[in-house]
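Numbers restart at 1 for each chain; the letters A, B, ... are given by sequence-line order, proteins then strands.
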Number of protein chains: 4
Amino acid sequence: MKVSIIGVTGYSGIELVRLLLQHPKTEIVSIHSHSQNGKEIAEYLPHLKQLLDLPLEPINPDEIMKRAELVFFATPSGISKEIATAFVKADFPIIDLSGDFRLKADGQYEKWYKNSSAPFDFLQHAHYGLADFYSKPDSKLIANPGCYATGTLLSLAPLVEEGLIETDSIIVDAKSGLSGAGKNLSESSHFVNCNENMTLYKMNSHQHIPEIMQQLQKWDKTIPAIQFSTSLIPVTRGIFITTYARSKEKLTQKQIWDTYNQFYREKPFVRVQDQHVYPNLRQIVGSNYCDIGVAYNEVTNIITVVTVLDNLVKGAAGQAVHNLNHLAGWPETTGLNLVPIYP
Amino acid sequence: MKVSIIGVTGYSGIELVRLLLQHPKTEIVSIHSHSQNGKEIAEYLPHLKQLLDLPLEPINPDEIMKRAELVFFATPSGISKEIATAFVKADFPIIDLSGDFRLKADGQYEKWYKNSSAPFDFLQHAHYGLADFYSKPDSKLIANPGCYATGTLLSLAPLVEEGLIETDSIIVDAKSGLSGAGKNLSESSHFVNCNENMTLYKMNSHQHIPEIMQQLQKWDKTIPAIQFSTSLIPVTRGIFITTYARSKEKLTQKQIWDTYNQFYREKPFVRVQDQHVYPNLRQIVGSNYCDIGVAYNEVTNIITVVTVLDNLVKGAAGQAVHNLNHLAGWPETTGLNLVPIYP
Amino acid sequence: MKVSIIGVTGYSGIELVRLLLQHPKTEIVSIHSHSQNGKEIAEYLPHLKQLLDLPLEPINPDEIMKRAELVFFATPSGISKEIATAFVKADFPIIDLSGDFRLKADGQYEKWYKNSSAPFDFLQHAHYGLADFYSKPDSKLIANPGCYATGTLLSLAPLVEEGLIETDSIIVDAKSGLSGAGKNLSESSHFVNCNENMTLYKMNSHQHIPEIMQQLQKWDKTIPAIQFSTSLIPVTRGIFITTYARSKEKLTQKQIWDTYNQFYREKPFVRVQDQHVYPNLRQIVGSNYCDIGVAYNEVTNIITVVTVLDNLVKGAAGQAVHNLNHLAGWPETTGLNLVPIYP
Amino acid sequence: MKVSIIGVTGYSGIELVRLLLQHPKTEIVSIHSHSQNGKEIAEYLPHLKQLLDLPLEPINPDEIMKRAELVFFATPSGISKEIATAFVKADFPIIDLSGDFRLKADGQYEKWYKNSSAPFDFLQHAHYGLADFYSKPDSKLIANPGCYATGTLLSLAPLVEEGLIETDSIIVDAKSGLSGAGKNLSESSHFVNCNENMTLYKMNSHQHIPEIMQQLQKWDKTIPAIQFSTSLIPVTRGIFITTYARSKEKLTQKQIWDTYNQFYREKPFVRVQDQHVYPNLRQIVGSNYCDIGVAYNEVTNIITVVTVLDNLVKGAAGQAVHNLNHLAGWPETTGLNLVPIYP
């Protein structure tokens, strides 16, 4: 399948290139960028020398639709909602890695992204592509979930779907490496400010909260809200999420673990750890795995879920390829048997 | 005052040397180590060349008591409970940075440290030196609190003492740099395993939990338990603690912030941040400050407290000097006006 | 081709697993370790869960030769010289990633490795597999070059083969990440000692010096010696080598650059950078590339060569696979079109 | 002595604040910044809360001269050459940490800083304050040396002053942490680009080259040029310089070491390491020490000097205070007995 990438110079776009170059069924036919047109990509990204000999082109939807069979948007939020229009109208397949098509409810995008949203019917038309939880999309417009949202939803799905927890007790303490904050230059991404540091950056105000709530409430309408904060840790890749919730009834460690194990048995990209084992970031970097460990405190009745994923793979480009596989009808692991880079 | 340090080659002992060399009222007269006797300390620790010209000596309590007026134990747990006996019997002033004299209740030390405890009457005799909360010790045997314990207690004190929270709702998500894990060689402290990684290492089983509970229950007997886990982040120094608790009643962000601000107004080493500002590690490294930010979520009713401190200063050697100042009757900030090393 | 790996739990062995799992023509049929026998590898290395379901087995050459068609040794130095005997005698194909078969001259191994060497005729029989410089091996016993040796030889080859430099003027300033120092626990690999630090660790005494000299003197007998030191930098992967040499005659920047460009035009894994551009570590991590930039100082007449490679890929497992491709007669890039992990 | 700081919000200015707050004879009476006027400094730099309660003020020379007795410029290059005029004309004491007054020869500043220079007579009037090499300045306008220049000159001084090396053989391979690159936002200081990376950034073109040459030629007029390149390593603080030069005659390791030891015996801030010991960054961070190790290769005749210093202390603010001590006639170590922060 011939594919194009719009927004190839951001971290998610760069990672898409890596995954698609190693995918047996795709060919990248064009790459596009607002800001860097004209140059060969390897001039701009020297790691791609000899691997991708394509120029950065401006974004011309008609041209793209002639050459490619599907387009990825790896643009910052606010771009695809404008540019995707031509593709959507032509019913051309789109996988959008940004937040522009994730939120269904009126006004939510405006509230959390501080920007006007895509047209309401486009939002309704888009398929929220939480790739481990579906196999055939009902739309050719896939909204790829956010990185924190993916990790939080995979952490909570068994508890919420099985109705095990008090619905108002969810606390999510999420930590991310700096690639999650994007390529923009800012005080908060200056090496001297990040290195040897840890910083909480969005207290109950991260824009992934509404897509998490939207999906949780699909699973259980009675969940009222979650406590959600995000911190930066001094690593390049990886999300580490600790989730707390109170069990409705007394349980055992074994029961909780069995629940997760059973729930994810058929999901190739979710690896539930052995009992009393918690995953660390390094064991998933570079791969599409989401690894999960669970604990139950018999004194406090609190369930703790420890979840790790690579924000650029499972949290972005890897899930996008997973969604591509669903859309194309290929086996879901096609091109995604990536071995984590360890050490 | 002439002081000796036992266990000077561990990270807390090394930091004690730094602080005592810059303290206007102390002189280090001897340094002691089990493992490295005979050498000049600067051979072993080249950063001290020309700064401390003393040999590492074996531990001879009688000799120490002749030369010094006070002794610091900066030994791993399990050492001072044996060696301190001679000093305690002579009513010689001791500040013990290890966990050996912190727990009062019978059997607690055995349970959490997997080792026989100091004699029961010594444990009763020891003063738990949470230095911001007292000024005159009632004993010459000071048990310096643990690093996580200090941060957690300072995070929770205003909430617990003012009775603001549901007593069974406390969740502590603590992260530490590697110096907190000590000098021992282990898989978990190998650079390749720590770098670019984050690892949860003690789920509800850290040995600081009982001293936290002991102090919390002094403040409010009805607190039944806390949820407490610890993770390693790839930094050398610093503890970052996020604490969650549910407010008993609806409050406002401003009320919570006022409570903390008022509570710590007279404490020179606790700096409550401005509203909606959360501290980061780098702003306290090298200093004796504990910086605290607080948030209140009006939807979930959850109070979040973000607390940072330098585990080797406020969490160990700095608090030990603070306790020394109390013991000696000097102003509490003597020798502790350390400017954080930034950047 | 069915292959076995001896020494699979070290960093080079782990990386071999990653590369061989993604290689289209190989199947790992058994994995072997001295120290960890019996366990499933994923218990020991959780990143391999679901990717490699093999137990760690003891080392039984006869068994291995029955099941596999080739064996990799990824053991520390001193092991393969003992264990390889059975395989060599059976003329069974071996690729040895350790230093045991690299040095031809009598007494060199003893001098630099402080250990007795493999039998002299085995040493003569072994092929030093500098993979970019040959295509058909004359032996089934391949000695895979060292990581520093690979980078230094690729830095110097054009200058030495073209006779451009004063032969006594070579200075090599090499820096490596910690994975190059191996998995052993030591003071020098403790996170607290490596992080925020840089340390020179072998001044003119690194064991890769003799294999560099052996190869340089193959190219130009008159080279008497090199100045060579190695430092550790706080990264996990990557070698960064700065090489200095004095030009025999006045040249221009362009002439030097043309020489390199021409020399490496047909080598798929050496990427000469554009003029005035120097490579950084991140652009090669995870890949088999060696990237090189060159400068010429018209005032001092000094040529500077800046070379980067991933010590675990190009400096170990990747070059081993490259040697496998040569040995098997496959195209040399088979299984090695690895896209660098960036960011 | 009452002092003012202009450019207090850069890393050198911030470090000056730390040192001056701990200096027994100075009081900071005002702090000045182009960009951040009006705010309390602790709002901008939270680590200074409760330590320095001064507002950031605009730069008014007349006002400053009324309130202070000396002014520090910690501004980027190009600022003090303009603003210092009023102070110079009033013969008011200035210590300038920027490069604006370091170069004497006509046209050098223009060439290396790409900017018009300070007036020629000001340049001649300024004292190049290499603080270990003089005790009484002949001018009240002190040009504080650059960080790389300080390390390089201290590395070479014994060799050059004693005439031991071939004058055209000097090669300097310098590495710096990111604080040396300043606070400006740029691709090269983005965490994702620095972390896990090493990058050569100025090949024979660093602006400290001319001040190094100016001083070397004061010591030995016949030195024609040096080879000098600089790389960034992923640490916050510290410079690590490896310097190579060829000995004129055959020497021994012991002779070289004796030369250094003898040369620096009376210099309190230069610590020559024991034989065969090389310093690492961590042993000087936070202190004013420059630590040096030397090696001699009897085969190649190359002398290697390994030098470390904290770029913000010995390479900037610490040397500025050292110069202040000289200017004020205080003992040179006043306020500078800083214990390195280890770990």
Asker: So what's closer than 4.5 Å to chain B heavy atoms on A:N204: side chain, backbone, both or neither?
Answerer: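 For A:N204, side-chain heavy atoms alone lie under 4.5 Å from chain B.
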Asker: For chain A, which candidate among B:N297, B:N193, B:I170 shows the most heavy-atom pairs at distances under 4.5 Å?
Answerer: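 Among the listed options, the one with the most contacts to chain A is B:N297.
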Asker: At a 4.5 Å cut-off on heavy atoms, which part of A:L200 comes close to chain B: side chain, backbone, both, or neither?
Answerer: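 When you check distances to chain B, atoms from both the backbone and side chain of A:L200 fall under 4.5 Å.
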Asker: At their closest point, which heavy atom of B:S155 faces which heavy atom of B:T307, and how far apart are they?
Answerer: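 Residues B:S155 and B:T307, closest heavy atoms: OG-OG1, 2.7 Å.
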Asker: With no hydrogens and no angle check, do the side chains of A:E162 and A:Q262 hold a donor and an acceptor under 3.5 Å apart?
Answerer: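 Per modelled atom types, A:E162 and A:Q262 side chains form no pair under 3.5 Å.
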Asker: Just checking A:K221: does its NZ atom have more than 12 heavy atoms from other residues, nucleotides or ligands closer to it than 6.0 angstrom?
Answerer: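 Atom NZ in A:K221 is not crowded, with 12 or fewer foreign heavy atoms closer than 6.0 Å.
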Asker: Rounded to the nearest 0.5 Å, what separates atom CE in A:M213 from atom CG in A:L216?
Answerer: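 Result: 6.0 Å between the selected atoms.
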Asker: Report the option among A:V306, A:V299, A:D168 that has the most heavy-atom pairs separated by less than 4.5 Å from atoms of chain B.
Answerer: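 The candidate making the most pairs under 4.5 Å is A:D168.
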Asker: With a strict 4.5 Å heavy-atom criterion, list every residue of residues 229-238 of chain B that contacts chain A, or say none.
Answerer: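 Within residues 229-238 of chain B, the residues that come under 4.5 Å of chain A (heavy atoms only) are B:S229, B:S231, B:I233, B:P234, B:V235, B:T236, B:R237.
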Asker: Classify the side-chain pair A:S179/A:N311 by whether it contains a donor and acceptor separated by less than 3.5 Å.
Answerer: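 Checked: A:S179/A:N311 side chains pair up, N/O donor to acceptor below 3.5 Å.
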Asker: Indicate whether any N or O donor in one side chain lies under 3.5 Å from an N or O acceptor in the other, for A:K175 and A:T242.
Answerer: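 A donor-acceptor contact under 3.5 Å links the two side chains.
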Asker: Looking at A:N280, A:I226, A:N197, which has the largest count of heavy-atom pairs under 4.5 Å with chain B?
Answerer: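 Of the options given, most contacts go to A:N197.
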Asker: So among A:R282, A:K314, A:R271, which one has a salt bridge (Lys or Arg N to Asp or Glu O under 4.0 Å) with A:D291?
Answerer: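 Only match with A:D291 under salt bridge (Lys or Arg N to Asp or Glu O under 4.0 Å): A:R271.
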Asker: Measure A:Y342 against the heavy atoms of chain B and call it side chain, backbone, both or neither at under 4.5 Å.
Answerer: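 Side chain only.
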Asker: With a 4.5 angstrom heavy-atom cut-off, which part of A:M203 approaches chain B: side chain, backbone, both or neither?
Answerer: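 When you check distances to chain B, only side chain atoms of A:M203 fall under 4.5 Å.
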Asker: Any sub-3.5 Å donor-acceptor pair from B:Y296's side-chain atoms to B:L251's backbone N or O?
Answerer: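 Side chain of B:Y296 to backbone of B:L251: a pair is present.
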Asker: Do B:E249 and B:Q255 pair up side chain to side chain, a donor and an acceptor below 3.5 Å, judged on atom types alone?
Answerer: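 Looking only at side-chain atoms, B:Q255 and B:E249 do not form any donor-acceptor pair under 3.5 Å.
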